[in-house]
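Just so we're on the same page: letters track the sequence lines, and every chain starts at 1.
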Protein chains: 2
Amino acid sequence: MPKKRTYHHGDLKNALIKAGVEILAQDGVSGMSLRKVAMKAGVSHSAPYSHFADKQALIAAISTEGFRQLYERMSAVAEGYNSQPSKQLVEAAWTYIQFALDDPDRFKVMFSGVLEKEKEYPEFVAESQRNFQLVKSIVESNQAAGILRSGSSDLMALSAWGIIHGFAMLLLEGQIPHAILELKSLRKLVEFQLKQIMLA
Amino acid sequence: MPKKRTYHHGDLKNALIKAGVEILAQDGVSGMSLRKVAMKAGVSHSAPYSHFADKQALIAAISTEGFRQLYERMSAVAEGYNSQPSKQLVEAAWTYIQFALDDPDRFKVMFSGVLEKEKEYPEFVAESQRNFQLVKSIVESNQAAGILRSGSSDLMALSAWGIIHGFAMLLLEGQIPHAILELKSLRKLVEFQLKQIMLA
DNA sequence: ACCTGAACACCGTTCAAGT
DNA sequence: ACCTGAACACCGTTCAAGT
């Protein structure tokens, strides 16, 4: 048990990130206050300011950690289907949707502009780019296999990400008509979305 | 000047919605407090409660009004290009992106889950469905013209909306790599996105 | 019916003080 | 260096009271 490094409880910074994620899952975006997070971590309400400049900085850290986990899950799936490009694409998309549904409020924090000046957080930017690179490499495998149109893999990656991300956002926001959700399973819907950009 | 209906200033409800939209554009989602909105409308901080159950209800009204305006702009464009399906699709998408960029924070409020229990606001649901029907009708014209694949127009509308909405969200969130944004104009990017789901 | 002003619980942030 | 507790300005919501 490698814990306690200093006198109090060692790694408050990460404890706050963890507590933040939990409160986010419980109480939603609007219910996540810095004071609640501090209390959950067992410190005073001003203790977080020893580790984060302000609430935005904690949110940045939570988002960055989210991107890291998203990358881990997506890249594991991508490796697993390395030799089957079309499966790789579908399974990665499915993983993305599941990630969104697993913790909708964290996903919203990561992608809905709760973080206001993302450029001020270089780790956030780096993790986000890492994910885009992963999508790009999946897209390139699919282009090489003749499953996706050729052309700029940057732009194709944007299309692939966009169509799945758009689906995820509409899903979380309850904007997808019930009739459609009843018609097909979520999995089938994701596959249908992707088929739209795939070659016959 | 058809104003003042009652003793004070007539239509506080709509004045609050208008004030809310303005504050949203100025101070962003996190800066829009009910008290500021009330002050801007020239009433006490508790006056809004005569017209809205709570802050969520005001947000619902702002979102609903946003959907109404989006519908107006989109349907005007759709009618203008009635006889040219492919132009109709591209121009409608472009209008959607412009709507998002015109007032990013209102767009985020409409689509980013700031509104927590959207089903409790029937007008919101109705306006949202009206917009989906419009997208569906544009999609159907394009299917008839052989520009989009045939098949369920509900699912195709979801794809078309999804790819543009996803692009809009990534754009607003600053998730689109700079290299890509420098490569092509926004308009070209939107056209590229749509081309992905169009038949060669 | 619509609006005000005081009140309450809660929030983000700062700062002097403690270890 | 890291944390506490008091303090401040601000917030959403309620409620008795006024018109």
Contacts under 3.5 angstrom, residues 16-34 of chain B side chains, donor-acceptor by atom type, not counting sequence neighbours:
residue: B:D27; atom: OD2; partner: B:K36; partner atom: NZ; Å: 3.0
residue: B:S30; atom: OG; partner: A:E116; partner atom: OE2; Å: 3.2
residue: B:S33; atom: OG; partner: B:K36; partner atom: N; Å: 3.1

Report which part of the nucleic acid A:H51 touches: base, sugar-phosphate, or nothing (heavy-atom distance under 4.0 Å, all strands).
-> sugar-phosphate
Residues from residues 53-64 of chain B lying under 4.0 Å of DNA chain C - heavy atoms | none
To the nearest Å, give me how far apart NE2 (B:H45) and P (C:dC2) are.
-> 19 Å
Looking only at heavy atoms, which two atoms of A:V190 and A:A93 are closest? And how far apart?
-> CG1-CB, 4.0 Å
Aromatic contact, A:F111 with A:F67 (centres under 6.0 Å) | yes
Mind listing the residues from residues 104-112 of chain B sitting with a heavy atom below 4.0 Å of DNA chain D? Number order is fine.
-> none
Regarding the side chain of A:V43, the nearest nucleotide among C:dG12, D:dT4, C:dT4 is D:dT4
Listed by chain and number, what are the side-chain hydrogen bond (donor to acceptor under 3.5 Å, both in side chains) partners of B:S159, not counting sequence neighbours?
-> A:Q193
If only atom types and distance count, is the side chain of A:Q143 paired as donor or acceptor with the main-chain N or O of A:G151 below 3.5 Å?
-> yes
Steps toward ring pair (Phe, Tyr, Trp, His ring centres under 6.0 Å) verdict (A:Y71, A:F99) | CA-CA 10 Å; A:Y71 182 84; A:F99 181 84; over 10 Å; no
Among residues 32-39 of chain A, which residues get a heavy atom nearer than 4.0 Å to DNA chain C?
-> A:S33, A:L34, A:R35, A:K36
Whole-Å distance, A:K13 NZ to D:dC3 P, equals 12 Å
Stems of at least 3 consecutive Watson-Crick or G-U wobble pairs (donor-acceptor distances under 3.5 Å) involving DNA chain C, listed by first number, are C:4-8 with D:12-16, C:12-16 with D:4-8
Considering only distance and modelled atom types, tabulate donor-acceptor pairs under 3.5 Å from the side chains of residues 167-179 of chain B, sequence neighbours left out.
residue: B:E173; atom: OE1; partner: A:G113; partner atom: N; Å: 2.8
residue: B:E173; atom: OE2; partner: A:G113; partner atom: N; Å: 3.2
residue: B:Q175; atom: OE1; partner: A:S128; partner atom: OG; Å: 2.7

Quick one: hydrophobic cluster around A:Y81, which other residues, with the 4.5 Å side-chain cut-off, linked directly or via members?
-> A:V77
From D:dT14, C:dT14, D:dT4, pick the nucleotide closest to the side chain of A:A47?
-> D:dT4
Give me the ring orientation class for B:H165 and B:F107: parallel if the planes are under 30° apart, tilted from 30 to 60°, perpendicular past 60°.
-> tilted
Using only side-chain N and O atoms of B:S50, determine if any of them is under 4.0 Å from OP1 or OP2 of C:dC2.
-> no
List, one per line, each side-chain donor-acceptor pair under 3.5 Å for residues 134-142 of chain B, sequence neighbours excluded.
residue: B:K136; atom: NZ; partner: B:D154; partner atom: OD1; Å: 3.3
residue: B:S137; atom: OG; partner: B:L134; partner atom: O; Å: 2.8
residue: B:E140; atom: OE2; partner: B:S153; partner atom: OG; Å: 2.7
residue: B:S141; atom: OG; partner: B:S137; partner atom: O; Å: 3.1
residue: B:N142; atom: ND2; partner: B:P85; partner atom: O; Å: 3.1
residue: B:N142; atom: ND2; partner: B:I138; partner atom: O; Å: 2.9

Under the salt bridge (Lys or Arg N to Asp or Glu O under 4.0 Å) rule, what pairs show up with a residue in residues 50-59 of chain B, not counting sequence neighbours?
-> none
Rounded to whole angstroms, how far apart are CG on B:L12 and C1' on D:dT19?
-> 16 Å
Let me know the distance between CZ of A:F52 and P of D:dC3, rounded to the nearest Å.
-> 11 Å
Under the 4.5 Å side-chain heavy-atom rule for ILVMFWY, direct or indirect, which residues accompany A:L183?
-> none
Just by modelled atom types, is the B:E72 backbone N or O under 3.5 Å from a matching donor or acceptor in the B:S75 side chain?
-> yes
Taking only residues two or more places apart in sequence or in another chain, which ones pass side-chain hydrogen bond (donor to acceptor under 3.5 Å, both in side chains) with A:R187?
-> A:E91, A:E191
Can you check the B:I23 CD1 to D:dC11 C1' distance for me, whole Å?
-> 13 Å
